[in-house]
Chemist: 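To start, I am sharing the structure in question, which I have written as structure tokens.
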Amino acid sequence: MIVMKFGGTSVADSEAIARTISIIGGRLDRKPIVVVSALSKVTDLLYKIADSASEGDRKAADEYIETLQSRHITLAEELLEGNPMLEEARTKVADICSELKNFVGAVCALGELTDRSKARIISRGEWLSSTVICYAMNSRGIITNFIDARKMIITSDNHMKGEPDKAEIMKRVPEAVSAAFSGADAVITQGFISSTVKGEPTVLGRGGSDYSASLIGMAVDAESIEIWTDVDGVRTADPRIVPCTKNISRISFEEAAEMAHFGAKVLHPMTIEPAVMKNIPVYVLNSMNPGGEGTAILHSDKIEDGVKSVSYKENILLMNIFSTRMINVSGFLQRVFAAFSEHKVSVDLISTSEANISLTMDGNQDIDAVVGELSKFADVDVDRDKAQISVIGKNIVNLRGLLKQTMSSLKDCNVYMISQGASFVNISFVVDRSSMKDAVREVHRYLFENKDYESGDQRIR
Ligand code: ASP
Ligand code: MG
């Protein structure tokens with residue numbers, strides 16, 4: 001069995017879906033479990049519907065739902081033109097939208113939107129896309145059965161970002177999948193959406209369909225997990241910033257996880273973990289260019305040492321915690337981290353010196369409560385206009401000269417913090433946000449566009 005996940009742009013319209021179905025058609029001998037996202041931009045639209053509902057603006061919500069419905073009806077009409085299944089597909093879409101409309105009406109009347117209701121609203125995108133695509137696959141001769149992801153992807157009751165219950169998922173997915181495969185060439189299910197054991201709606205967080213795919217792959221011991229997107233695999237840097245990026249043909253699970261965590265927007269950061277558990281290769285492929293090379297994410301044994309990418313996080317904040325009481329006092333760090341844990345603020349990089357701890361974190365988090373707590377026993381200084389650049393690659397500690405190269409490419413900007421991950425897979429630097437783009441370009445130029453550095457040759461001279 002293989003898992004094939006198609007993101008929003010791979011199912012954006014009838015043309016994209018037709019292409020996607022022909023890619024699936026070429027893999028039927030490997031028993032594909034197809035996982036789909038909502039059509040591109042649909043989840044954003046559903047967020048607007050939820051916002052309007054929470055503001056009690058029923059008129060706006062209804063208009064958005066109208067847009068949602070007509071987009072999916074048009075899609076069904078284009079994909080199923082002249083097919084007897086069209087009527088059924090049209091009715092299903094209309095039913096899903098009218099149920100949504102009733103639900104949103106009730107939320108408006110109540111004047112309150114809980115996370116649970118919000119999860120229910122935004123999960124409709126994947127439900128609609130998988131419904132229409134299932135009909136389209138069947139109409140093209142691929143016998144496809146539909147699986148309700150909410151019956152198998154079980155999470156905690158954090159409705160907007162459910163924590164997967166792996167034991168429950170391992171039990172439920174194989175059962176649901178094997179039942180659905182009886183008499184079928186393929187099965188289709190929704191990414192992103194899930195539920196609690198009690199059946200309350202939850203979602204896995206933005207971009208969570210990748211995570212769904214890898215959880216399913218883990219549960220069925222898939223031969224491989226394919227993440228189909230709109231770019232030719234993972235690149236050495238963000239091509240929107242750096243002009244001469246290269247495709248990376250293979251990276252390790254650890255490198256991919258660090259890249260996702262440290263800013264590369266190719267995969268949902270949690271995607272790698274379930275694949276690692278079962279050592280399942282993950283391929284990132286382009287549905288607009290199915291013959292392209294893509295990127296294979298494999299066990300580290302199969303990967304060469306060396307720098308693979310330069311990624312960045314644009315909006316981070318740097319916090320300096322200073323206390324003379326820290327010197328020779330045990331338990332200080334514990335107190336600091338207890339404050340972060342209590343207020344659910346997550347930290348990226350940490351570096352400590354005698355009387356000072358520097359930490360970075362996502363700039364969008366609300367840190368007031370943490371700062372209040374820390375200020376009871378230390379001086380806290382928060383600097384918001386910072387960005388973080390990470391150089392990622394297997395065993396980069398062994399690359400003599402890497403730091404020199406990187407630092408000399410950063411010669412024109414201030415570096416506020418340097419952190420080398422304990423895993424030896426990443427070295428990160430904190431710079432001013434205003435100099436971030438130039439710095440990323442410079443570092444990339446030194447490491448990847450420099451004649452002295454041959455990719456595949458680990459030495460940097
Ligand atoms: N549709 C969801 C989102 O846009 C999940 C996904 O696409 O992975 O966040
Ligand atoms: Mg998406």
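Note that the structure is predicted; figures quoted are calculated from it, not measured. Note that ligands are numbered from 1 as they come in the structure, with each ligand's atoms numbered from 1 the same way.
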Chemist: Specify whether Phe146 and Trp127 have parallel, tilted or perpendicular ring planes, treating 30° as the upper limit for parallel and 60° as the lower limit for perpendicular.
Modeler: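 The rings of Phe146 and Trp127 stand perpendicular, inter-plane angle above 60°.
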Chemist: Could you see which bit of Ser209 sits under 4.0 Å from ligand 1, with heavy atoms only: side chain, backbone, both or neither?
Modeler: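 Ser209 to ligand 1: contacts from backbone and side chain alike.
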Chemist: Looking only at distances, please establish whether an N/O atom of ligand 1 is found under 3.5 Å from an N/O atom of Phe192.
Modeler: no
Chemist: Quick one: closest heavy-atom pair of Glu255 and Lys394, and the distance?
Modeler: OE2-N, 2.6 Å
Chemist: Going by the rule side chain to side chain contact (heavy atoms under 4.5 Å, CB included), which residues pair with Ile350 if we only count those two or more places apart in sequence or in a different chain?
Modeler: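 Partners of Ile350 by the side chain to side chain contact (heavy atoms under 4.5 Å, CB included) criterion, ordered by chain and then number, come out as Phe337, Val347, Thr352, Ile357, Leu359.
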Chemist: Does ligand 1 have any atom sitting under 4.0 Å from a heavy atom of Gly208?
Modeler: yes
Chemist: Using a 3.5 Å cut-off on N or O atoms only, is Asp210 in polar contact with ligand 1?
Modeler: no
Chemist: Does either side chain, that of Ser212 or that of Ser209, offer a donor lying less than 3.5 Å from an acceptor on the other one?
Modeler: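 Distance-only check fails for Ser212 and Ser209.
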Chemist: Suppose I only count heavy atoms of Arg206 and a 4.0 Å limit; which atoms of ligand 1 are within that range?
Modeler: 3 (C), 4 (O), 9 (O)
Chemist: Under 4.0 Å from any heavy atom of Ser37, which atoms of ligand 1 are there?
Modeler: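 Near Ser37, meaning under 4.0 Å from one of its heavy atoms, ligand 1 has 6 (C), 7 (O), 8 (O).
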Chemist: Check if Gly207 has a non-hydrogen atom at a distance under 4.0 Å from any atom of ligand 1.
Modeler: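 The answer is yes: ligand 1 sits under 4.0 Å from a heavy atom of Gly207.
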Chemist: Between Glu126 and ligand 1, find which residue part has any heavy-atom pair under 4.0 Å and reply side chain, backbone, both or neither.
Modeler: side chain
Chemist: Mind checking what makes side-chain hydrogen bond (donor to acceptor under 3.5 Å, both in side chains) contact with Ser287, not counting sequence neighbours?
Modeler: Ser10
Chemist: Kindly assign one of parallel, tilted or perpendicular to the pair Phe253 and His299, based on the angle between their ring planes and the thresholds 30° and 60°.
Modeler: perpendicular
